[in-house]
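Just so we're clear, the structure is a prediction, and the values are computed from it rather than from any experiment. Here is how names work: the chains are called A, B, and so on, in the same order as the sequence lines, proteins then strands, and each is numbered from 1.
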Amino acid sequence: MTEKLIRKDENTIEVPIGYKAGMRVPGLIYLNAQLEKFLEPQAVAQVANVSTLPGIVGYSLAMPDIHTGYGFPIGGVAAFDLNEGIISPGGVGYDINCGVRLLRSNLTKQEVLPHIKDLVAAIYANVPSGVGSKGKIKLTPDEQKNVVLKGALWALEQGMGSDSDLEKTESEGMMTGVDETSISEKAYERGRNQMGTLGSGNHFIEIQYVSEIFNEKAAQAFGLFEGQVTVMIHTGSRGLGHQVCTDFLPIMERASKKYGIELYDRELACAPFHSQEAERYFSAMKGAANYAWANRQSIMHLVSESFIAALRGSPSSIGLSLVYDVAHNIAKEETHRVGKRDVRLIVHRKGATRAFPAGHPELPDIYRAVGQPVLIPGDMGRASFILIGTQDAMAETYGSTCHGAGRLLSRHGAIKAAKGRQIWKELLDAGVTVTSAGRGTLAEEMPEAYKNINNVISVVDSARISQKVAMLKPIGVVKG
DNA sequence: ATGTCC
């Protein structure tokens with residue numbers, strides 16, 4: 001089947017119309033020859049399946065960290081016309097507004113290294129981790145409503161953060177238009193004790209340092225310098241978002257039938273964007289997205305307290321502040337140029353990061369001259385990257401780029417490969433102090449379970465759908 | 001990703 005793929009240039013492969021039945025537009029996968037070796041036929045089939053959905057515009061896109069997901073591939077980007085098109089929970093994923101937040105500091109790697117053990121322990125103690133972890137923050141029903149309506153602003157109102165954090169958060173940490181009744185009691189129940197918690201799987205808090213700068217002007221705008229300590233927080237909407245997705249899948253399946261949408265895979269369940277079902281899902285999705293922004297804002301506060309305790313420093317000497325916060329599992333209404341017209345689209349990014357260019361009206365004043373910070377985590381052993389969005393991304397990918405390295409081994413395969421080894425010790429020997437809540441998590445998440453992030457970044461940088469600003473290397477990790 | 005199967 002994959003022999004029907006057409007290599008367009010060194011960074012892109014086309015999935016032609018006719019690759020599978022029902023395709024309305026071609027697929028386009030950002031991938032070089034090296035990463036093509038790992039391309040799963042099932043993920044390609046999912047790119048093709050997405051292109052069968054009504055109202056899809058341009059291409060069914062996928063980023064170089066593509067792998068098989070639920071219905072839509074992870075690494076997938078698909079934009080639909082608001083009038084002709086659909087919204088699909090499978091195009092967002094279970095972890096609604098899973099995303100990444102990056103903090104800068106005034107500290108150097110040399111200043112932090114002597115305290116790294118204490119620091120990792122303090123963060124682990126302050127931010128509950130693991131499946132079903134419960135936080136110190138308990139939300140009353142009234143507060144829950146404020147969380148899903150206000151997002152990061154809710155956390156600020158609790159004294160967790162400063163006003164300037166909002167402009168450094170995608171969508172200012174709050175999507176508007178949430179009807180709080182669109183979220184089920186069960187979803188609220190699952191979210192009640194999970195504010196300020198990390199979760200499990202690939203979620204983490206990582207202490208890093210800036211190991212290399214590729215773009216001085218952008219690095220300066222982001223407050224970054226070589227040798228500086230940074231903190232990356234990767235988590236999402238926890239049980240609340242998961243339950244929202246679970247709740248709406250059967251509703252969307254019924255809606256697909258009701259509105260006569262032919263599904264080439266039942267996991268593509270969706271509804272016309274202006275239908276009652278779609279409006280209800282979009283509202284709940286936005287509420288879950290707001291929960292995730294409140295969560296990352298709360299965790300940032302807990303991390304700040306951990307630095308103060310472990311380093312016995314003052315807030316101003318430590319100087320932890322927000323660089324930016326991106327969502328990589330979300331659907332958003334955006335304006336894009338299609339042909340010669342500006343049109344409103346519903347852009348699904350599932351394991352893909354928004355990458356808006358310099359000058360874009362949605363960027364905050366402080367970053368408008370350089371472009372949106374794009375935050376791409378790698379794995380625990382290698383590196384993570386900061387990039388900026390570009391005009392080419394606007395023209396080709398609805399302002400989107402990759403979201404991570406992408407798995408190489410299955411979870412099971414990773415556990416098998418780690419048998420008899422001490423992954424924590426291997427990482428410590430490589431200069432990374434790591435603590436994990438789950439026994440298996442460390443094995444599932446070990447560096448060799450992931451593709452080399454450098455290959456993925458090299459594709460998006462050379463295809464110019466985002467441009468490298470800095471590389472970050474880990475020195476301490478808290479895993480779920 | 002996820003009270004990793006109500």
Item to check | Gap between atoms CG and P, on Leu240(A) and dT2(B) respectively (whole Å) | outcome: 12 Å
Checklist entry - How would you label the contact of Lys186(A) with the nucleic acid (heavy atoms, under 4.0 Å): base, sugar-phosphate, or nothing? => result base
Item to check | Spacing of His412(A) atom NE2 relative to dT4(B) atom C1', expressed in whole Å | outcome: 15 Å
Checklist entry - Between Val131(A) and His203(A), who's closer to the 5' end of DNA chain B by nearest nucleotide? => result His203(A)
Next on the checklist: Heavy atoms only, 4.0 Å cut-off, all strands: where does Gln194(A) land among base, sugar-phosphate and nothing?
Outcome noted: sugar-phosphate
Checklist outcome for this item: Tyr94(A) atom OH is separated from dC5(B) atom C1', nearest whole Å, by 13 Å
Checklist entry - Separation of Ile74(A) atom CD1 from dT2(B) atom P, in whole Å? => result 13 Å
Checklist entry - dT4(B) C1' sits how many Å from Arg411(A) CZ, rounded? => result 9 Å
Checklist entry - Of all residues at least two apart in sequence or in a different chain, which pass the side-chain hydrogen bond (donor to acceptor under 3.5 Å, both in side chains) check with Thr353(A)? => result none
Checklist outcome for this item: What one should report as the nearest heavy-atom pair of Ala288(A) and Ile183(A) is N-CD1, 4.4 Å
Checklist entry - Tell me: CG of Asn295(A) to P of dT2(B), nearest whole Å? => result 10 Å
Item to check | Atom-to-atom span, OH of Tyr70(A) to P of dT2(B) - whole angstrom | outcome: 17 Å
Item to check | Any pair counted as ring pair (Phe, Tyr, Trp, His ring centres under 6.0 Å), so long as it reaches residues 401-428 of chain A, sequence neighbours left out | outcome: His328(A)-His403(A)
Item to check | Whole angstrom value for the distance that separates P of dT2(B) from CD of Glu189(A) | outcome: 17 Å
Item to check | Residue from Arg254(A), Lys257(A), Lys258(A) passing salt bridge (Lys or Arg N to Asp or Glu O under 4.0 Å) with Glu277(A) | outcome: Lys258(A)
Checklist entry - With a 4.0 Å cut-off on heavy atoms, is Ser237(A) in touch with a base, just the backbone sugar-phosphate, or nothing at all? => result nothing
